[in-house]
Amino acid sequence: MPLRTLFRILILSVVFLTIGFYVSINEKNDSNILIKEDHSLEMKQSLPQGPNNQTVNKTSLEKPKEGLALLIGQDVTVLEKELGTPERIDESMYGYQWYIYNQNYNRYLQVGVENNQVVTIFAIGETLDISPFEIGQPVEEIFNTQFFDTNFNLEVNGNSYRFELNDTDLNIRPLVKIGDIYVQLYIDKFTGNLSSVRFMSAETLIKQRPYELVYSGDLINADEPNEDAWKLIEKGMAQQIFDITNVLRVKNKIKPLIWDEMTAEAAYGHSKDMAENNDFSHTSKKYGDLTNRLKTAEVAYLAAGENIAANYTDGPAVVVGWLNSKGHRETLLNKDYTHLGVGVYQKYYTQNFIQKTEQ
């Protein structure tokens, strides 16, 4: 057998041996997430190890000496000492509870607590300290002062993970590592400024999988919620979407919306209908369009609008997604609307906006 032919056979053998198992999740109005199990990661040179058996990425920044990032890894008693008692505590689908601090739109944040330890923070309030970044910071300044990589390698408990960011990720939701903390930056593409951030531990990043992931070993997963748990999670996400929507409206000098329960019930019905029928649309085959659905729910209004989404990570992620979509953004920031109802069914999301009739 010629040497060239033998070499080709060997190359093809290696390729087939490294093909893994793929699972794809469609995220409406956003990019797809691809998870690939790849044992070839085991053959790569190990990167330096940091605390808790986590890989130290050569492009990571030093952990800041101040700001909210310092709360990651801290005990919940430290959190409450620094920030006080939360307005409420919501369940999440990732094993942690969200401590919601929404007393002030300019200081709105959500802190994820798992096993009495802070594992993630979502911050959008304008006056929050998110060092080394700032809410409202121009994207040019961020990219001129920070290095952003497209690949992140992690080693957690003997398992190997690599997140791969595409061009869209890099432009509107890049990832950066500061110390042993991962930071997802949400860029408002219409203003070119930083709209919000999410701090995460390595384990939380792997659970949420906001980017394409290649891994070898065991994939870290949260337990699948049962029916009762889903109801609590859905209720919490609906409230978070409502809160964050009002944070954005106030930030844009627009009057905040009032919660409307009847409209929320109509929104929930549409989210459930989309999920059960695998039909992502503003018009239900069974219940019709928004006008028909609000009429059935006996909601009186002068004007109405709707935003829908599916398969986003959670409430904060879906609002940020809407903010970066022209039509959805216009609905979020419409000055005429006075009330809002939000309905979440698992990973299907509906916002119904209305302008109330004059009393």
Side-chain angles (χ1 to χ4, degrees), residues 25 27-28 71 75-77 79-80 83-103 108-124 196 198-201 203-210 220-247 257-277 297 307-322 339-352:
I25 304 174
E27 184 165 274
K28 306 293 192 304
L71 288 173
D75 189 83
V76 68
T77 56
L79 167 66
E80 294 191 327
L83 300 180
T85 304
E87 185 71 15
R88 67 175 191 272
I89 297 177
D90 295 340
E91 299 297 327
S92 84
M93 66 184 85
Y94 299 105
Y96 53 79
Q97 292 180 308
W98 278 122
Y99 282 47
I100 308 297
Y101 292 89
N102 67 347
Q103 296 92 335
Y108 181 90
L109 77 156
Q110 302 180 193
V111 182
V113 176
E114 184 175 10
N115 297 324
N116 292 318
Q117 188 177 70
V118 177
V119 297
T120 184
I121 298 170
F122 172 76
I124 193 171
S196 53
R198 191 190 297 254
F199 299 102
M200 293 170 283
S201 66
E203 291 85 351
T204 303
L205 174 63
I206 295 166
K207 283 182 184 178
Q208 294 188 354
R209 300 192 279 276
I220 301 175
N221 287 305
D223 293 335
E224 180 66 25
N226 59 31
E227 185 176 349
D228 291 337
W230 265 121
K231 289 180 180 178
L232 294 174
I233 293 167
E234 292 160 357
K235 181 180 179 181
M237 285 198 289
Q239 288 295 322
Q240 293 157 32
I241 290 170
F242 173 76
D243 288 339
I244 297 169
T245 297
N246 276 337
V247 170
L257 299 164
I258 300 168
W259 180 270
D260 188 82
E261 187 61 32
M262 292 174 65
T263 306
E265 290 175 4
Y268 175 81
H270 188 56
S271 291
K272 185 176 181 181
D273 177 60
M274 287 192 295
E276 291 180 342
N277 293 285
N307 282 340
I308 59 174
N311 293 326
Y312 275 79
T313 303
D314 55 13
V318 74
V319 180
V320 171
W322 282 328
H339 292 70
L340 173 63
V342 183
V344 178
Y345 183 81
Q346 296 189 8
K347 282 195 171 185
Y348 283 78
Y349 311 88
T350 301
Q351 281 184 311
N352 285 163

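Computed from a predicted model, the values in this text were never measured in an experiment.
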Between the main-chain N or O of [Y] and the side-chain N or O of [X], is there a donor-acceptor pair closer than 3.5 Å?
X: Gln351; Y: Val342; value: no
X: Gln240; Y: Gly236; value: yes
X: Ser271; Y: Gly343; value: yes
X: Asn115; Y: Gln117; value: no
X: Tyr101; Y: Gly84; value: yes

What orientation do Trp98 and Tyr96 show, parallel under 30°, tilted 30 to 60°, or perpendicular over 60°?
perpendicular

Between Glu91 and Trp230, is a side chain to side chain contact (heavy atoms under 4.5 Å, CB included) present by the stated rule, with each step listed?
CA-CA 9 Å; Glu91 299 297 327; Trp230 265 121; over 6 Å; no

Can you give me the closest heavy-atom contact between [X] and [Y], atom names plus distance?
X: Arg198; Y: Ala317; answer: NH2-N, 3.7 Å
X: Asp314; Y: Met237; answer: CA-SD, 3.9 Å
X: Phe242; Y: Ile258; answer: CE1-C, 3.9 Å
X: Ser196; Y: Val320; answer: OG-CG2, 3.7 Å
X: Leu340; Y: Leu257; answer: CB-CD1, 3.7 Å
X: Pro86; Y: Gln103; answer: C-NE2, 4.3 Å

Measure the [atom1]-[atom2] distance between [X] and [Y] for me, rounded to the nearest 0.5 Å.
X: Tyr94; Y: Asn221; atom1: OH; atom2: CG; result: 10.5 Å
X: Tyr348; Y: Ile308; atom1: OH; atom2: CD1; result: 10.0 Å
X: Gln239; Y: Ile100; atom1: CD; atom2: CD1; result: 9.5 Å
X: Arg88; Y: Gln97; atom1: CZ; atom2: CD; result: 13.0 Å
X: Ile241; Y: Asn246; atom1: CD1; atom2: CG; result: 12.5 Å
X: Ile220; Y: Arg209; atom1: CD1; atom2: CZ; result: 9.5 Å

Between His270 and Tyr345, is a side chain to side chain contact (heavy atoms under 4.5 Å, CB included) present by the stated rule, with each step listed?
CA-CA 9 Å; His270 188 56; Tyr345 183 81; over 6 Å; no

Whether over 12 other heavy atoms sit under 6.0 Å from Asn226 CG
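Yes.
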
Got a sec, which residues hit ring-ring contact (aromatic ring centres under 6.0 Å, His included) with Tyr99, two or more places apart in sequence or on another chain?
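None.
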
Residue pair Lys347, Tyr312: steps toward the side chain to side chain contact (heavy atoms under 4.5 Å, CB included) verdict:
CA-CA 7 Å; Lys347 282 195 171 185; Tyr312 275 79; over 6 Å; no

Taking side chain as C-beta onward, heavy atoms only, is Pro210 less than 4.5 Å from Leu205?
yes

Residues Lys207, Glu114: salt bridge by 4.0 Å N-O rule
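Glu114 and Lys207: salt-bridged.
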
Check step by step if side chain to side chain contact (heavy atoms under 4.5 Å, CB included) holds for Leu83 and Leu109.
CA-CA 10 Å; Leu83 300 180; Leu109 77 156; 4.1 Å; yes

